[in-house]
Structures are given as structure tokens and as C-alpha cells.
Amino acid sequence: MSVKTQDTVTGKVDPDVLAYTVGDDPVLDLDLVAWDCLGTAAHVTMLSEMPVSPPVVTKEEAERVRAELARIARDAGFTIERSDQDVHLAVERRLTETLGDLGKKIHTGRSRNDQVAVDVRLHIKDQLLELEREVAELAAALVAFGQAHDRVPLVGRTHLQPAMPSSVGVWATGHAEMILDQVACLEAAYALNDLCPLGSAAGYGVPLPLDRQRTSDLLGFARPLHNVFGASMARGEDEAALLSALAQMMAVLSRLAEDMILFSMPEFGYFRLPREYCTGSSIMPQKYNPDVLELVRSKTAQVLGLATGALSLLHAMPGGYNRDLQDTKGPYMKGLSTVRTTLRILAKFVRGLEIDEKALRAGFIPGVFATDAALRQVAAGVPWREAYHDVRDHLERLHSEDPDAAVAAKTHAGATAGLDYGLYERRLEELRISVESRQDAFRAKCDALLPKSTP
Ligand code: ARG
């Protein structure tokens, strides 16, 4: 039986094969339209400057292409048909419909392989900077919460068992610091992503005098990926590095969520979650559940899965482009949006968090002061291990002490009475400035190529 084939830009294809290979690209690629237009604008600009005679496209033609690309990038109704396969061929179709033969020239010296890679990198750069801004906001909310309740005593726990005197300030800024330190991993992903694959074409270059530095500069990348084969293999690696950094960030956020779930249980009662951020039960009228925080845990598992999935997809793939790479697109997009919404909802949660001082103080059972009691003996000249055994052998002698005094007694750096809030303010300010200056520079590059066309 003969199957009716469908005409696509790249030839006749069986409709089932087309559907299977195109997958979700017509939907996912809508997020790449503006970035595809920018990549094409840079490529066409470079083509118009290429020292060949006759020119592939003239400067005036490049100008007309850029004008149409700017319209496409701003067109909210732009659609990608299954017969287009993806954003790249959809944009080319539109350019050919509106510009005729000129539209047919824009793909000269380029492959969809370097094209999609550049789109993804521009998209990731934009999203990662927004994400880092949201990281700063969550960390700032935690620092503000810590500062507002800085010396309020909170039982420090190990193995979940009461351990030593601590404070709300130490708890909150401890989580803030973990989150801020994760920026280093995001920055590693950012640096790997900030390299331009354009001009590698299908992964083997082309016999044309492409100026790869020029397209890299036009798009604001740190530099081009040099080796054309390597550039084609960097697709997927880039997404996997990003997802690994995102997974690590989620693992940190998940522990914050878990602490808030625990400390807001009636049995602890240390924190009160804002009621409007909790959800009820259809049967139990008294319920206010921390569903948001539970979903942070489950989404952490999801992002971990996405990162593992990306690496699994890559590890056995031969060098050069393989269609498998298309399947890294949905996961990196999902990973970014999941972490971004999680950062925002957690910041909202922390801003609404209240404490119950009475419950916090009630947690200070005598055992919490055991280490401090042994250290008092040390201060009187007893060797540490002897003091330790003395306290351990007479636990019944321990009594309730003043938790505020215990909190005030730990004055060294980073402890209950030694937190440097100025340090956090400086780190937050540094992060904000670094994000903002990169966003400004990136926007300026985009606007120079295609005015007002970035999402
Ligand atoms: N949609 C494709 C992807 O995301 C574009 C590249 C297609 N290249 C190819 N050689 N079939 O990977």
C-alpha cells in the first residue's frame, strides 16, 4: 500500500515519519522565534560583508531581510506548521513569501544544526540572566527574614535531633548562602553557553569565507566555538551542563522547602506559613497544607531527572549532529521554567513567613545546652574530653538555660552572634549588578541587530 507523502521544504516525507521526527518542535520552537530571527539577522549581515563577487546578498538586501525579521520577531501570531518542521524553516518560508528570491538566499553557508544551536544559546542566555536575578531575590528575602529575627533562638538540629543553640538568623542566612554559592555553578553553565556555534554549519564548515568572529560579536557572545566539529557536538553538552546546574540549585531549594514544612508542623510550630499560600482539604475542614513546598520537592526530582536524561541521551551518541539532540530542547526549557517559577514562589513564601517565638523558645530542652556546659568546664581549665565525659555521665544535671544568652555567646564569624549581614548585602548587590550589566549589554546587541524584537 502506498502512503501519501507530504511536501516539506526539505522534500517528500511520509506523514507518520514527519509527525514522529518533528515531535513537539512546532510548539517548543515558538519560544525560539525571536532568537532565530536574531541569529539569522547576524548571519545575513555577515554574508553581506563577505568578500565575494558577486555578493551573496548585498547590504541593501540584508537591510530588507533584517526589517522583515524584526516584523516576524514581533509578530505574536507567527505560527510554525508541521510541514515547516521547525522554527528555522518556518522563518525561511515566511521570508521567501514576503521577499521572494531574497528569502531563498538567507540559508547560504548555514545548516539548521548551527542555527538551532545558536537559537538555544541566545534563549538560554536570556533565561539564565533572568533566573539569576530571581536567585538574588529569593536570597534577599531570606536575608531580610534572618535580619528581622536575627537573634531569636532556634534549636539547631543534627539527625533531626535537638543539638545546640542556634538562631533564626543563622537558619535563614544559611539557606541564603547555600543559594548564593550555587550561582557559581550557574555561572559555569553561563560561560559554557556564551560561545557561538554559528558558521560551523552542519558541523564541517563551508567553502565560503565566513567571518565567524563577526557573527559571534554581532550576537554578543564571548567568542566563537573554534572547531566546527566540536561546535556541532557542543549542542546537548550545553543543555546538559545547564540542567546539571539547575538540578543542584533545586536540591538546595528543596532542603529549604523541607525545613519550612517541618518547622511549620504543629508539633514544631516554629514558623507560620501564610494561610493564603496553603491549600485546604475537601474533607478535613481544619487543613492548611504546605502543598507548594511539597511540590518544590517533587519538582526537584523532576529537574534531576531532566539532567540525568540529557546526559543519558548524550553519552552513547556518535560525534556530529544526530537527531537525538532535538530531544534536549524540551527538557532544558522545562528545567529553566521549573526553576524560575520555584524561585519566585519560594521568595513569596519566605516574605510571608512568620515566626512563633514562644514555640521556638519552648524547643530548648536541657540537652541542647550540653556542649555549652562542657565548654564552660574547659574555660575553667578542664581538658575537653574530660569535660565531655563529665557532662555525658551526668546528663540529669543539665537544666534549662537562657537561650538568648547561649545565642549571644557565639560571637565568632558566621555564628549566632557573629553574622555579617553587610557581607550578604554586598554579595547580593554584586550579583544584581553583574546580572544587570550583562542584560543591558545583551539587549543593546539585540536591539542593534533587530530593534525591540527580543521577548
Ligand atoms: N529541529 C532540529 C533540532 O532541533 C533542527 C536541526 C535539524 N537538523 C537536521 N540535520 N535534521 O535538532
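Fair warning: this is a prediction, and the values are worked out from it, not measured in the lab.
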Does the pair T416 and R151 meet the rule for a side chain to side chain donor-acceptor pair (under 3.5 Å), with working shown? CA-CA 7 Å; T416 42; R151 302 277 179 101; over 6 Å; no
Would a 4.5 Å heavy-atom cut-off, applied to side chains only, mark E354 and L273 as touching? no
Would R438 and Y190 count as a cation-pi pair here, with the cationic atom under 6.0 angstrom from the ring centre and within 45° of the axis? yes
Salt bridge check: are D86 and R112 linked by an N-O gap of less than 4.0 Å? yes
Roughly how far apart are L262 CG and M260 CE, rounded to 0.5 Å? 12.0 Å
Lys/Arg N to Asp/Glu carboxylate O, D217 vs K445, below 4.0 Å: no
Among side-chain atoms of T279 and D291, is any donor-acceptor pair under 3.5 angstrom? yes
Find out whether S200 and Y321 are in side-chain contact, i.e. whether some heavy atom of one side chain is under 4.5 Å from a heavy atom of the other. no
Please check if any side-chain donor atom of H389 sits under 3.5 Å from a side-chain acceptor atom of R392, or the reverse. no
Worked verdict on E130 versus Q439 for side chain to side chain donor-acceptor pair (under 3.5 Å): CA-CA 9 Å; E130 283 297 303; Q439 281 184 322; 2.6 Å; yes
Sidechain N-carboxylate O distance under 4.0 Å for R426, E429: no
How many angstroms lie between atom CG of L346 and atom CD1 of I179, to the nearest 0.5 angstrom? 7.5 Å
Measuring from atom CG of L242 to atom CG of L192, what distance do you get when rounded to the nearest 0.5 angstrom? 10.0 Å
Side chain proximity check, Q182 to V135, heavy atoms < 4.5 angstrom: no
Evaluate the side-chain proximity of Q85 to D25: yes if any heavy-atom separation is below 4.5 Å, no if none is. no
Are any non-hydrogen side-chain atoms of E132 and E187 less than 4.5 angstrom apart? yes
Nearest heavy-atom contact between A139 and A176 is O-CB, 3.8 Å
Any salt bridge between R432 and E436, counting N to O under 4.0 Å? no
Do D75 and V33 touch side chain to side chain, with heavy atoms closer than 4.5 Å? no
Starting at CE of M317, measure out to CE of M233 and round the result to the nearest 0.5 Å. 9.0 Å
Can a donor-acceptor pair be found between the side chains of R272 and S264 at a distance below 3.5 Å? no
Quick check for you: to the nearest 0.5 Å, what is the distance between L198 atom CG and R214 atom CZ? 13.0 Å
Separation between CG of L253 and CG of L138, rounded to the nearest 0.5 Å: 6.5 Å
Between R110 and T40, does any side-chain donor sit less than 3.5 Å from a side-chain acceptor? yes
Check L38 against L450 and note the closest heavy-atom contact, atom names and distance. N-CD1, 3.8 Å
I'd like to check P26 versus V22 (side-chain heavy atoms, cut-off strictly below 4.5 Å). Are they in contact? yes
Atom pairs and distances, donor-acceptor, side-chain atoms in residues 405-415, under 3.5 Å, two or more places apart:
residue: K410; atom: NZ; partner: P165; partner atom: O; Å: 2.7

Within 45° of the ring axis of Y424 and under 6.0 Å from its six-membered ring centre, is that where the NZ or CZ of R427 lies? no
Got a sec, which residues hit ring-ring contact (aromatic ring centres under 6.0 Å, His included) with Y270, two or more places apart in sequence or on another chain? F263, F268
Does the separation of the ring centres of H123 and Y332 fall below 6.0 angstrom? yes
Specify the closest pair of heavy atoms between L225 and A234, including all atoms of both residues, with the distance to one decimal. CD1-CB, 4.0 Å
By the definition side-chain contact (heavy atoms from CB on, under 4.5 Å), identify the one residue from I345, V339, T341 that meets it with L343. V339
Q127 side chain near I124 side chain, heavy-atom distance below 4.5 Å: no
Taking atom types as modelled, is there a side-chain donor on D119 or Q115 under 3.5 Å from an acceptor on the other? no
Should D29 and K329 count as an ion pair when the cut-off is N to O under 4.0 Å? yes
Shortest non-hydrogen contact from C196 to F221? CB-CD1, 3.5 Å
Do F271 and F349 have their ring centres less than 6.0 Å from each other? no
Answer yes when R223 and D194 have at least one side-chain N-carboxylate O distance shorter than 4.0 Å, and no when they do not. no
Would you mind checking if E137 and R344 are paired as a salt bridge, meaning a charged N to carboxylate O distance below 4.0 Å? no
Residues which pass salt bridge (charged side-chain N to carboxylate O under 4.0 Å, His left out) with R235, listed by chain and number, not counting sequence neighbours: E239
